There are 2 protein chains.
Amino acid sequence: MLNLAELTTPYLLLDPVKMERNIARLQKHMDKLGVTLRPHVKTAKSIDVVRRLFADGKGPITVSTLKEAEYFAEHGFTDITYAVGISPDKLPRVVELLRMGVTLRVLVDSMAQAQAVVKAAAQLGHKIPALIEIDCDGERAGLSKNDPKIVEIGRYLHENGEFCGILMHAGGSYHCPDKAAKEAAAEHERATAVAVRDQLVAAGVPCPIVSVGSTPTAHFAEDLTGVTEMRAGVYVFQDLVMAGLHVCELQDIAISVVATVIGHRPEKGWIMTDAGWMALSRDRGTAQQEVDQGYGLVCAMDGTPYQDLIVSSTSQEHGIVSVRKGSKAKLPKLEVGQQVRILPNHACATASQFEGYVVPTADELVFWPRINYW
Amino acid sequence: MLNLAELTTPYLLLDPVKMERNIARLQKHMDKLGVTLRPHVKTAKSIDVVRRLFADGKGPITVSTLKEAEYFAEHGFTDITYAVGISPDKLPRVVELLRMGVTLRVLVDSMAQAQAVVKAAAQLGHKIPALIEIDCDGERAGLSKNDPKIVEIGRYLHENGEFCGILMHAGGSYHCPDKAAKEAAAEHERATAVAVRDQLVAAGVPCPIVSVGSTPTAHFAEDLTGVTEMRAGVYVFQDLVMAGLHVCELQDIAISVVATVIGHRPEKGWIMTDAGWMALSRDRGTAQQEVDQGYGLVCAMDGTPYQDLIVSSTSQEHGIVSVRKGSKAKLPKLEVGQQVRILPNHACATASQFEGYVVPTADELVFWPRINYW
């Protein structure tokens, strides 16, 4: 139990009511579409958050690091997909988890990786379940829809290892502020996945898992026929990038950095705080959006945003707060020692700067630790 | 002791030979100018690094967080300056350290802060030594040279508390690629500091400490008459921003992120690695420089940079490596599983993404932990 009077800033505040609402919203949508939700725990990296994602507390999850996989396995999670292309150096740690009884699936998009997986499985004495990564929008990793390597690798894994299916991530949906564009991105993701599955099945390679996901497409999908699971992470907390994409409202954002005013430069229109890039991260995800929120949008401690007040510049432990360029809003009067809450551009990046979450529950203030690093 | 074969990427590699050379270089320059070096430990945040900065292992240091102050105090450091403007919430932790016998100086640039310091000293029963922050180039916090508040606050602290002197940071020197401009920034920093000290002394307020510092001005100062101490942090490791400013050479950069190739997109000219922004940080400090190094410059494991090969884009655990736009360099052939070293834009930001340093010494591979968070 924490004592609010003893907390020094900056710290990361988590509103559990907003979080529960965000969780329920997407779960309800997935239930309606009849698709399993496999949350990406890379955003929260906290057992206290992740157990709240599932009715039974230990549902299927997606991880971005083996450290997450190991931590959640220790906490009883047994159905884990590691959604970053595998490299050979990591396979001994993967097999350790498989030996513990955890179904940990790895991701490949090349024959070299598939061969490394098969070789390591033989050497380490345990089959390693694998998915093939598919690219649907040219944003990152994966094989393109019609690449013959998909069937080639799928067959190789099916015959020599344990082939589970395909996985893709519609990263392009992060550039779709329009509702119709997000819906189209979701349908494109679905259709691409189903087409790839059909290629595999037609070639005699069973493809039980058809995994898609991104927070925008998860919320805007209207039909997920053929998809077996949806992955999303940011939806648990939401952030300014998601608000800018109209995936959520500002008031849905469940985490904020609490900062203290440490000075003023009235001649420059600046308020100085103790939340610099070390606390906020360097993420400037809204810089490409219609409304640039700087390094974060500044709110009163009750969560109400000050009009057009953003963190316009940061150094390691300094944040310069000012009115957004072009706005006629007045700089609020904030005294030295006064606290503010800063909404983050990107929940994953800002949360990763902290050891954990300060959470006001009904009875007490508690601390929920995170599992950072690798 | 670590086993190289058991390390999984990404990890942060520290070359102790380069580091020692960087340390010796600036120390020698300060010795020549007759000024005490008070290293800023916010870059390294590691006792194993910081004890190598001093002949006796426990010299004067600068910190950016109270957690650093507490950690280094536990390790025997007793002369610490906390170089971020103080807020009242932090004063109980400051007094805890003072009671332990640590001389921990705080920073103010307003009468409100000075009054909070004096009030907390009375309430908590211990004098709190304080410095006034001066601004010399409009980059961040501090009072401007001729602001009458300097003498007013100095006198108030001298009469009611413990006034130690003045502190400034020539952040503007980060925009000075030219040698002459860096020399001018250093001289401007010095001259401003001395002029402010003279104002205080003329008003009957003793000003024993005249503290200046930034890595560029520390290296390019030619005369520091009147200055009592120099602060710098990045110099210990150096980074791409410093190389871009011609403060160091590429081969002086002592830290790099070791990453593994996890895939290819030949049609896009991409090599995928497992070092995304979580490992490299989102810092894009070279974006405003003559040569934009993306999220980092890619080198072979022996430290030799590949020609114009940079991390051009990142997501949380993915780094996209490609040839810098406009370059005619060929994409090197890097196989899945092969490792590379990535030089960081900003040593403070990249190092802060890691739990510690992997350090190859003459006999063994060791791990030096960091003290992150607040």
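By convention in this document, chain letters (A, B, ...) are assigned in the order of the sequence lines, proteins followed by strands, and residues within each chain are numbered from 1. Everything quoted here is computed from the prediction, not taken from an experiment.
Remark: the backbone N or O of Arg282(A) is not paired with any side-chain donor or acceptor of Asp283(B) at under 3.5 angstrom.
In the displayed structure, Lys149(A) atom NZ is contacted under 6.0 Å by at most 12 heavy atoms of other residues, nucleotides or ligands. Heavy atoms of other residues, nucleotides or ligands lying less than 6.0 angstrom from NZ of Lys119(A) number 12 at most.
One finds the CG atom of Asp109(B) at 7.5 Å from the CD1 atom of Ile262(A) (value rounded to the nearest 0.5 Å). To the nearest 0.5 angstrom, Met278(A) atom CE is 7.5 Å from Cys348(B) atom SG. The distance from atom CH2 of Trp277(B) to atom OG of Ser352(A), rounded to the nearest 0.5 Å, is 5.0 Å. Interatomic distance, OH of Tyr11(A) versus CG of Asp89(B), reported as 9.0 Å (0.5 Å rounding). With values rounded to the nearest 0.5 angstrom, Asp147(A) atom CG is found 8.0 Å from Glu267(B) atom CD. Atom CD of residue Glu139(B) and atom OG of residue Ser313(A) lie 8.0 Å apart, to the nearest 0.5 angstrom.
For a heavy-atom cut-off of 4.5 Å, chain B lies close to Ser110(A), Ala112(A), Gln113(A) in residues 110-118 of chain A.
For Pro88(A) against Gly337(B), the heavy-atom pair with the smallest separation is CD-CA, 3.6 Å. Here the shortest heavy-atom pairing between Gly85(B) and His318(A) reads N-NE2, 4.4 Å.
Across Gly138(B), Ala83(B), Gly276(B), the residue that shares the most heavy-atom pairs under 4.5 angstrom with chain A is Gly138(B). Note on Glu133(A), Arg265(A), Glu335(A): by heavy-atom pairs under 4.5 Å with chain B, the leading option is Arg265(A). Interface check for chain A: of the options Leu7(B), Val336(B), Thr9(B), the most heavy-atom pairs under 4.5 Å are formed by Thr9(B). Between chain B and the options Leu143(A), Asp135(A), Leu66(A), the largest number of non-hydrogen pairs under 4.5 Å is found for Asp135(A). No other option in His346(B), Gln339(B), Glu6(B) has as many heavy-atom pairs under 4.5 Å with chain A as His346(B). The greatest number of non-hydrogen atom pairs below 4.5 Å with chain B, out of Ser281(A), Ser144(A), Gly142(A), is found for Gly142(A). When each of Ser64(A), Gly171(A), Gly263(A) is checked for heavy-atom pairs under 4.5 Å with chain B, Ser64(A) comes out on top.
For Tyr71(A), the ring-ring contact (aromatic ring centres under 6.0 Å, His included) partners two or more places apart in sequence, or in a different chain, are His75(A).
In this structure, chain B has a heavy atom under 4.5 Å from the backbone of Val261(A), while its side chain stays farther away. Heavy atoms of Arg140(B) lying under 4.5 Å from chain A belong to its backbone as well as its side chain. If you measure heavy-atom distances from Arg284(B) to chain A, you find no contacts under 4.5 Å at all. Interface remark: Leu107(B) contributes no atoms to any contact with chain A (heavy atom separation under 4.5 Å).
Between Trp374(B) and the choices Gln353(A), Glu317(A), Glu355(A), the side-chain hydrogen bond (donor to acceptor under 3.5 Å, both in side chains) rule is met once, by Glu317(A).
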